[in-house]
Amino acid sequence: MRATHEHEWEAAPGLPEPLPPGEKILWQGAPHWYALAVHAFHVRKLAIYFGLMLLWQALSLQHDGADLVDIAISLSKSLSLALTALCLLGMAAWWSASTTLYTLTEKRLVMRVGIVLSLTFNLPLRCIRSAHVKPLGQDQADIALELPPGDRIGWFHLWPHQRAWFVKNPQPTMRGVTQGRQVADLLQKTWMQAQTSVQGRSTPLEGIEPENKSTWSDQTGHPA
């Protein structure tokens with residue numbers, strides 16, 4: 001596994017180098033910007049927080065005897081700041097989604113991530129221990145990949161493409177993937193084929209079995 005700094009060109013979209021002869025791209029995709037904004041940048045939670053703070057401010061001003069004009073002016077200033085913050089986070093999520101590309105081949109998963117400094121992570125399928133799927137609704141999902149103990153990628157290098165709460169052993173995550181169930185099934189099938197070709201076995205990839213309705217397993221008990 002390795003991380004490659006990108007420069008001014010790519011051999012192919014999402015790939016810093018040409019694939020070896022005979023290796024084919026099976027799927028390419030990017031995060032949906034809205035799913036990234038809600039589940040990685042937590043725009044919805046912040047919007048609720050700002051709403052509660054505005055309500056508290058209005059009640060406090062009313063309790064202090066402020067008139068309606070003063071209350072409206074104070075709330076409008078606070079609301080403008082809150083909307084500015086939410087818009088900036090939304091733009092960051094859109095920018096992050098537009099500069100990200102996930103590529104699944106017959107032998108590897110390649111993650112091109114990063115807004116200012118673009119990095120490419122090459123994850124051979126034979127090195128992936130398990131995968132965990134978190135449905136997000138609207139046919140979207142997060143797909144987190146568990147790596148062997150010796151293969152560790154820095155949490156800040158991956159952000160926001162990492163599984164929540166896993167800081168000591170970060171798990172690279174394909175965020176907000178459209179048709180997430182189908183992508184997870186394709187990943188499992190390809191992983192099994194890669195394991196068979198290397199080790200002569202075809203054990204299902206843990207965490208994304210087709211029959212398993214609850215596809216996101218969090219052994220720590222923390223919410224994702």
Side-chain angles (χ1 to χ4, degrees), residues 3 5-6 8 10 13-14 27-61 71-104 109-121 131-145 153-167 170-184 215-216 218 222-224:
H5 290 270
E6 292 189 13
E8 297 180 355
E10 293 176 320
W27 171 84
Q28 280 190 319
H32 191 284
W33 77 269
Y34 183 76
L36 201 62
V38 171
H39 299 284
F41 289 82
H42 303 290
V43 171
R44 184 165 55 192
K45 295 177 182 177
L46 285 174
I48 295 174
Y49 170 78
F50 288 143
L52 293 175
M53 291 299 100
L54 288 171
L55 178 61
W56 178 265
Q57 182 181 6
L59 294 175
S60 297
L61 290 172
I71 293 176
I73 293 175
S74 297
L75 291 180
S76 62
K77 292 179 180 179
S78 300
L79 179 60
S80 62
L81 293 175
L83 290 177
T84 299
L86 293 175
C87 288
L88 289 175
L89 285 175
M91 291 176 60
W94 176 85
W95 199 358
S96 179
S98 64
T99 56
T100 298
L101 189 60
Y102 308 129
T103 303
L104 177 64
L109 176 68
V110 182
M111 300 175 61
R112 185 194 69 191
V113 302
I115 298 177
V116 178
L117 177 61
S118 183
L119 295 175
T120 301
F121 298 102
H132 307 270
V133 182
K134 179 182 180 181
L136 304 178
Q138 299 182 353
D139 201 25
Q140 298 168 353
D142 287 348
I143 305 176
L145 308 174
I153 304 177
W155 191 90
F156 286 103
H157 291 158
L158 285 170
W159 189 88
H161 309 276
Q162 89 297 333
R163 188 178 177 186
W165 303 105
F166 285 75
V167 178
Q171 297 185 6
T173 302
M174 293 187 286
R175 286 277 198 171
V177 175
T178 303
Q179 295 183 332
R181 182 72 262 172
Q182 292 89 327
V183 175
T215 53
W216 182 269
D218 190 341
H222 291 299

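The residues of the chain are indexed from 1 along the displayed sequence.
- No side-chain heavy atom of D142 sits less than 4.5 Å from a side-chain heavy atom of V133.
- No side-chain N or O of Q162 forms a donor-acceptor pair with one of T173 less than 3.5 Å apart.
- With contacts defined as side-chain heavy-atom distances shorter than 4.5 Å, the pair V110/Y102 does not qualify.
- Residue L136 comes nearest to A35 through the heavy atom pair CD1-CB, 4.3 Å, listed as atom of the first residue, atom of the second, then distance.
- Contact annotation: the side chain of V116 never approaches that of W95 to less than 4.5 Å [non-hydrogen atoms, C-beta and beyond].
- The shortest distance between side-chain heavy atoms of R112 and T103 does not fall below 4.5 Å.
- In terms of heavy atoms, R163 sits closest to A144 at CD-CB, 3.7 Å.
- The minimum heavy-atom distance between A93 and L36, with the atom names listed, is O-CD2, 3.5 Å.
- By the 6.0 Å contact criterion, CZ on F50 is enclosed, its count of non-hydrogen atoms from other residues, nucleotides or ligands being greater than 12.
- In this structure, the side chain of R175 engages the main chain of P160 through a donor-acceptor pair within 3.5 Å.
- The shortest distance between side-chain heavy atoms of I143 and H132 does not fall below 4.5 Å.
- The shortest heavy-atom contact between A58 and L75 is CB-CD1, 3.8 Å.
- The distance from atom CH2 of W27 to atom CD of Q179, rounded to the nearest 0.5 Å, is 10.0 Å.
- Looking only at atom types and distance, the side chain of Q57 has no donor-acceptor partner in the side chain of S74 under 3.5 Å away.
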> Stepwise, does the ring-ring contact (aromatic ring centres under 6.0 Å, His included) test hold for W159 with F41?
Replying inline: CA-CA 10 Å; W159 189 88; F41 289 82; 5.2 Å; yes

> Can H157 and L119 be said to form a side-chain contact (heavy atoms from CB on, under 4.5 Å), step by step?
Replying inline: CA-CA 8 Å; H157 291 158; L119 295 175; 4.3 Å; yes

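- The backbone N or O of Q140 lies less than 3.5 Å from no partner atom in the side chain of T178, so there is not a single donor-acceptor pair.
- W94 CH2: 12 or fewer foreign heavy atoms inside a 6.0 Å radius.
- Residues satisfying the side-chain hydrogen bond (donor to acceptor under 3.5 Å, both in side chains) test with S96, not counting sequence neighbours, are none.
- Around atom CD of Q138, no more than 12 heavy atoms belonging to other residues, nucleotides or ligands sit under 6.0 Å away.
- How far CG of L61 is from CH2 of W56: 11.5 Å, rounded to the nearest 0.5 Å.
- How far CG of L79 is from CG of L86: 9.5 Å, rounded to the nearest 0.5 Å.
- The two atoms that bring P172 and I153 nearest to each other are CG-CD1, 4.0 Å, heavy atoms only.
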> How far apart are the C-alpha atoms of W33 and T100, what are their side-chain angles, what is the distance that settles it, and do they pass the side-chain contact (heavy atoms from CB on, under 4.5 Å) test?
Replying inline: CA-CA 10 Å; W33 77 269; T100 298; over 6 Å; no

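- Side-chain contact between S78 and M53 is absent, with no heavy-atom pair separated by less than 4.5 Å.
- The two residues L158 and P170 have their closest heavy-atom pair at CD1-CB, 4.0 Å.
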>> Between M174 and L109, does the side-chain contact (heavy atoms from CB on, under 4.5 Å) criterion hold? Intermediate values first, please.
In response: CA-CA 10 Å; M174 293 187 286; L109 176 68; 3.9 Å; yes

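- Side chains of P31 and H161 form a contact here, defined as non-hydrogen atoms less than 4.5 Å apart.
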